[in-house]
Structure formats: structure tokens, C-alpha cells
Amino acid sequence: MTFTAAATKPPCIALLSEAIDMNYLVDTFRQSCPGIDLRLGNDLGPLEDIEAAVCWFPPHGLLAQLPRLELVQSLAAGIDHLVDDAALPREVPLCRVVDTTMTAGMNAYVCWAVVQQQRHMSAYVKSAAAAQWQEQPFVTPRRHRVGIAGLGNLGLACANSLATIGYDVRGWSRSAKAYLAEGVTAFHGDDQLDAFLSGCDTLVCLLPLTPQTHGFLNAELFSKLPRGAHLINVGRGDHLVEADLIAALASGQLRAATLDAFSVEPLPAEHPFWHDPRILVTPHIATRTDGLVIVQQTLDNLAALQRGERPRLQVDLARGY
Ligand code: NAP
């Protein structure tokens with residue numbers, strides 16, 4: 001792809017992260033947009049050149065120092081790593097990534113996590129290692145209720161797949177959904193939260209992190225699930241009140257947790273989650289975005305803005321996701 005904006009020369013784009021090495025995007029940007037002026041690392045050059053910033057946990061305050069910034073592009077579906085910067089220039093359009101590869105990856109992870117627990121797959125791994133032909137109890141999927149909190153791009157795909165496998169699926173969102181898929185029951189809003197949680201043997205969190213959803217996974221919520229439920233958190237670490245999870249597992253209110261996102265990442269080696277056999281920790285790998293998609297969406301979004309158009313997937317900052 002070539003950059004086809006009204007701009008007379010290829011754009012100047014900064015790749016900003018305090019968490020990861022952004023060099024992995026450099027070749028794809030250069031192949032997609034010959035002549036592009038990429039800035040990354042400690043020396044960003046003259047800040048007034050930078051027209052767009054591709055970000056994953058950028059240094060706080062830096063975006064506010066870019067006087068010609070036209071686009072803030074999140075590297076991810078979520079934007080919580082940007083809006084927690086008090087100096088974020090909120091007048092600059094902010095876009096997130098939506099990507100079929102990312103959706104498929106999340107879909108696979110969530111189906112795996114549900115099936116892994118519900119079908120006792122860890123027990124089979126242990127039996128196999130000991131050459132033991134040992135059957136575990138079998139419960140048909142339709143007798144196992146899975147609740148998906150967050151019916152957006154990712155949650156909806158997971159709900160559909162789990163319903164196809166035969167699970168009794170329900171989803172919860174902020175606004176009412178006219179129709180989901182066959183076998184998926186929809187709930188929305190705080191008034192319907194308790195009804196949504198009722199009877200959920202597995203609860204999946206696929207909410208965005210906003211002031212309303214911070215600490216969503218807490219003791220009160222766990223108490224509304226059936227005893228022995230399984231929690232899957234693939235949203236953000238701050239959705240979860242960690243001490244409440246530890247207490248719920250200790251009391252038996254929850255049986256297991258599969259966690260992919262944490263308040264502190266990497267999860268410190270001494271963190272109790274690593275050492276609890278009821279908790280399966282994965283290192284924020286539930287899914288990944290294709291680098292080429294990030295590059296294409298960034299170039300397309302910047303080109304749209306420079307034509308005076310609204311870019312795709314611009315986030316409503318007032319709504320928070
Ligand atoms: P999305 O398309 O923006 O969907 C968000 C969903 O959450 C929507 O259904 C929305 O309701 C609902 N929601 C938001 N606030 C709510 C509230 N207060 N009460 C009830 N429902 C609420 O987001 P997405 O692309 O599916 O991504 C979801 C999140 O997954 C991301 O924000 C990110 O944190 C996480 N994620 C994790 C990984 C990983 O590897 N672990 C990877 C990608 C994304 P409406 O439909 O009514 O708007």
C-alpha cells in the first residue's frame with residue numbers, strides 16, 4: 001500500500017511505547033509507505049514534524065508536546081493506556097485497532113479457556129502423563145452457562161462461537177442489542193447485571209477498562225455467581241480486585257480463574273497468582289494484532305484526517321471506549 005493522502009510528502013510518524021520495543025513495525029511501515037519519516041527511541045528529533053503517534057503505553061505528557069499531532073493511534077483495541085495520561089491532547093482524534101486476526105485469536109483463547117476448565121482438560125494432561133485411563137465427569141455444554149461481559153467486537157465473536165459449540169451463552173453490554181446470535185441471550189445496563197450473572201458457571205470479562213468498569217470483578221459480583229464458578233479475565237488487570245479473587249478461591253465461591261491481564265505486567269515472580277494451582281496465568285497473549293493491520297489503519301486514518309474526513313474506528317473519548 002502507498003500513502004495517498006493530500007499530503008505532498010510521506011508523513012512523519014512517531015512510534016511510542018515505554019512497555020515494548022516498537023521496532024517490529026519499522027519495516028512494515030517502510031514497505032507500506034516508502035519515504036516515511038519514522039521517529040522512535042529516545043531521540044525523536046524536532047517534535048513539530050510529528051503528524052501521528054502510534055502508541056502502547058507512551059510516556060505520560062509526551063503527546064501533549066507534539067504541536068502538529070493530527071492522530072493518536074492506539075496499537076491495540078483498548079485505549080486505557082492512553083487515557084490515563086492526564087495531559088492527553090483530547091482534541092486530537094484517537095483511533096483504536098479492530099482486526100480480524102485479533103478477533104480470531106481472542107475467540108480461540110476464550111473457547112479454549114472455557115473448554116479447558118469445563119471438560120477438566122488439565123486432569124487429562126496429568127492422567128496422560130501417568131499413563132492412566134481416567135474419565136472425568138461429563139456435563140453437556142448446554143447445561144453449562146457462560147456469561148460474556150462486553151459484547152463488542154471481541155465479546156460478540158466469542159459468544160457466537162461458544163453458542164455454536166452448544167454452551168448456554170449470555171452476554172452483557174451497556175446498550176441494548178436488537179439481536180445477537182441463536183443461542184445467545186442479551187442483557188444490558190446496570191439494572192440487568194444481576195440477572196445476567198445469575199447461573200453463570202463461567203464468567204468472561206471482555207469489557208474495556210473505563211471508570212465504570214474499573215474493579216468490576218469484585219467480591220460482590222463473585223457472590224452473585226453460582227458457587228464454584230470459573231472466572232476468565234481477558235479484559236484488563238484493573239477490572240479485577242485481586243484480593244477479592246484470592247478470597248473467593250479460598251472460600252470455594254470460585255473454583256478457578258484463567259487470567260491474561262494484570263494490574264502490573266509482567267506479573268512479578270512473587271505474586272500469589274503464580275503459586276495458586278486454581279489460577280492459570282497467561283502473559284497477556286490472549287491475542288495479538290497483525291502488524292500490517294496496525295500500519296495500514298494508521299496510514300488510512302491519517303490520510304482520512306488530512307482529507308478532512310473522520311477516520312475509521314475513532315474512539316468516543318466521552319464514552320471512554
Ligand atoms: P468494544 O468493541 O469497544 O466493546 C466493548 C463492549 O463492552 C461493548 O459491548 C460495550 O457495550 C461494553 N461495555 C462498555 N462499558 C460497559 C459498561 N459500563 N457496562 C456494560 N457494558 C459495557 O471492545 P473490544 O474490541 O471487544 O475489546 C474489549 C476489551 O478487550 C478491550 O478494551 C481490551 O481491554 C481487551 N483486550 C484484551 C486483549 C488481550 O490480549 N488480553 C486483546 C485485545 C483486547 P456497548 O456494546 O453497549 O457499547
Side-chain angles (χ1 to χ4, degrees), residues 19-20 55-57 74-84 94-113 147-161 169-181 184-197 203-218 221 231-240 257-263 265-267 280-291 293-294 297 312-321:
I20 58 168
C55 303
W56 178 245
F57 291 95
S74 171
L75 193 75
I79 57 152
D80 44 292
H81 60 105
L82 288 157
V83 294
D84 64 358
L94 190 160
C95 296
R96 73 190 190 107
V97 170
V98 170
D99 165 25
T100 51
T101 305
M102 175 167 58
T103 304
M106 182 60 80
N107 199 346
Y109 180 101
V110 168
C111 289
W112 161 79
I148 313 236
L151 284 174
N153 179 54
L154 302 178
L156 202 50
C158 298
N160 290 344
S161 294
V169 181
R170 44 178 55 193
W172 182 68
S173 53
R174 203 172 57 103
S175 57
K177 305 289 172 210
Y179 172 74
L180 295 173
V184 183
T185 312
F187 296 80
H188 71 277
D190 292 343
D191 291 349
Q192 294 185 9
L193 178 60
D194 288 4
F196 159 71
L197 294 171
L203 176 68
V204 180
C205 178
L206 264 169
L207 293 165
L209 186 63
T210 66
Q212 290 73 39
T213 65
H214 193 282
F216 172 74
L217 302 170
N218 58 39
L221 179 140
L231 172 70
I232 300 172
N233 186 20
V234 273
R236 290 285 183 257
D238 284 345
H239 283 128
L240 175 66
T258 305
L259 307 176
D260 187 59
F262 304 88
S263 294
E265 294 182 2
L267 190 66
L280 177 53
V281 170
T282 55
H284 206 138
I285 50 73
T287 190
R288 281 282 182 276
T289 308
D290 186 333
V293 172
I294 297 168
Q297 291 190 3
R312 256 186 94 224
L313 302 169
Q314 181 172 344
V315 174
D316 176 354
L317 281 174
R319 198 179 66 160
Y321 65 98

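In each ligand, atom 1 is the first atom listed, and ligand 1 is the first ligand listed. All values below were derived from every heavy atom in this structure, side-chain atoms included, with hydrogens, water molecules and symmetry-related copies excluded.
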S.K.: Heavy atoms only: which of Trp172, Phe216, Tyr321, Phe187 is nearest to atom 19 (N) of ligand 1?
M.R.: Trp172
S.K.: Testing the basics here: between Ser74 and His81, what is the closest heavy-atom pair and its distance to 0.1 Å?
M.R.: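 That closest heavy-atom pairing would be OG-NE2, 2.9 Å.
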S.K.: Provide the number and element of each atom of ligand 1 under 4.0 Å from a heavy atom of Gly78.
M.R.: 32 (O)
S.K.: May I ask you to identify, for Ala261, whether its side chain, its backbone, both or neither come under 4.0 Å of ligand 1 on a heavy-atom basis?
M.R.: neither
S.K.: Between His239 and Phe216 (judged by ring centroids, cut-off 6.0 Å), do the two rings come close enough to count as a pair?
M.R.: no
S.K.: Which protein non-hydrogen atom lies closest to atom 29 (C) of ligand 1, naming both residue and atom, and how far is it?
M.R.: Leu207 O, 3.5 Å
S.K.: Does ligand 1 have any atom sitting under 4.0 Å from a heavy atom of Val234?
M.R.: yes
S.K.: Which of the numbered atoms in ligand 1 are under 4.0 angstrom from any heavy atom belonging to His284?
M.R.: 39 (C), 40 (O), 41 (N)
S.K.: Within a radius of less than 6.0 Å around CG of Asp190, do more than 12 heavy atoms belonging to other residues, nucleotides or ligands occur?
M.R.: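 No, CG of Asp190 has 12 or fewer neighbouring heavy atoms, counting only those of other groups under 6.0 Å.
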S.K.: Looking only at protein heavy atoms, which one is nearest to atom 44 (C) of ligand 1, and what is the separation?
M.R.: Leu154 CD1, 3.4 Å
S.K.: Closest by any non-hydrogen atom to atom 41 (N) of ligand 1: pick that one out of Thr282, Asp260, Val315.
M.R.: Asp260
S.K.: Using a 4.0 Å heavy-atom threshold (strictly under), name the region of Lys177 that reaches ligand 1: side chain, backbone, both or neither.
M.R.: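 Side chain only.
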S.K.: Could you tell me whether the side chain of Asp260 and the main chain of Ile285 form a donor-acceptor pair under 3.5 Å?
M.R.: yes
S.K.: Between Thr213 and Tyr321, does any side-chain donor sit less than 3.5 Å from a side-chain acceptor?
M.R.: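 No, Tyr321 and Thr213 have no side-chain donor paired with an acceptor closer than 3.5 Å.
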S.K.: For Ala286 versus Val234, what's the shortest heavy-atom pair and its separation?
M.R.: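 Taking Ala286 first and Val234 second, the nearest heavy atoms are CB-CG1, 3.8 Å.
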S.K.: Distance to 0.1 Å, residue and atom name: give those for the protein heavy atom nearest to atom 8 (C) of ligand 1.
M.R.: Gly152 N, 3.7 Å
S.K.: Examine His239 against ligand 1 and note whether any of their N/O atoms are separated by less than 3.5 Å.
M.R.: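 No.
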S.K.: Given side chains that start at C-beta, do those of Ile20 and Leu75 come closer than 4.5 Å, heavy atoms only?
M.R.: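 Yes - at least one pair of side-chain heavy atoms lies under 4.5 Å apart.
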S.K.: Any side-chain heavy atom of Lys177 within less than 4.5 Å of one from Leu156?
M.R.: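 With C-beta onward as the side chain, the pair stays apart.
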S.K.: Using the six-membered ring wherever Trp is involved, compare the ring planes of Trp172 and Phe196 and label them parallel, tilted or perpendicular (cut-offs 30° and 60°).
M.R.: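 Correct class here is parallel.
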S.K.: So how far is it from Thr287 OG1 to Asp99 CG, rounded to the nearest 0.5 Å?
M.R.: 7.5 Å
S.K.: Taking Gln297 for its side chain and Val293 for its backbone only, find out whether a donor-acceptor pair lies under 3.5 Å.
M.R.: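 Answer holds: no.
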S.K.: How does Arg96 reach ligand 1, if at all, at less than 4.0 Å between non-hydrogen atoms: by side chain, backbone, both, or neither?
M.R.: side chain
S.K.: At less than 4.0 angstrom from any non-hydrogen atom of Thr213, what atoms of ligand 1 do you find?
M.R.: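 With Thr213 as reference, the close atoms of ligand 1 come out as 18 (N).
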S.K.: Leu206 heavy atoms, cut-off 4.0 Å: which ligand 1 atoms fall inside?
M.R.: 28 (C), 30 (O)
S.K.: For atom 5 (C) of ligand 1, which of Ala286, Gly150, Pro208 has the closest heavy atom?
M.R.: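 The option holding the nearest heavy atom is Pro208.
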S.K.: Measure the distance from atom 42 (C) of ligand 1 to every protein heavy atom, then report the residue, atom name and distance (to 0.1 Å) of the closest one.
M.R.: Thr287 CG2, 3.5 Å
S.K.: Applying a strict 4.0 Å limit to heavy atoms, is Gly235 in contact with ligand 1?
M.R.: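 Contact present.
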S.K.: Name the option, out of Arg174, Met102, Met106, that contains the heavy atom nearest to atom 11 (O) of ligand 1.
M.R.: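 Looking at heavy atoms only, Arg174 sits closest to atom 11 (O) of ligand 1.
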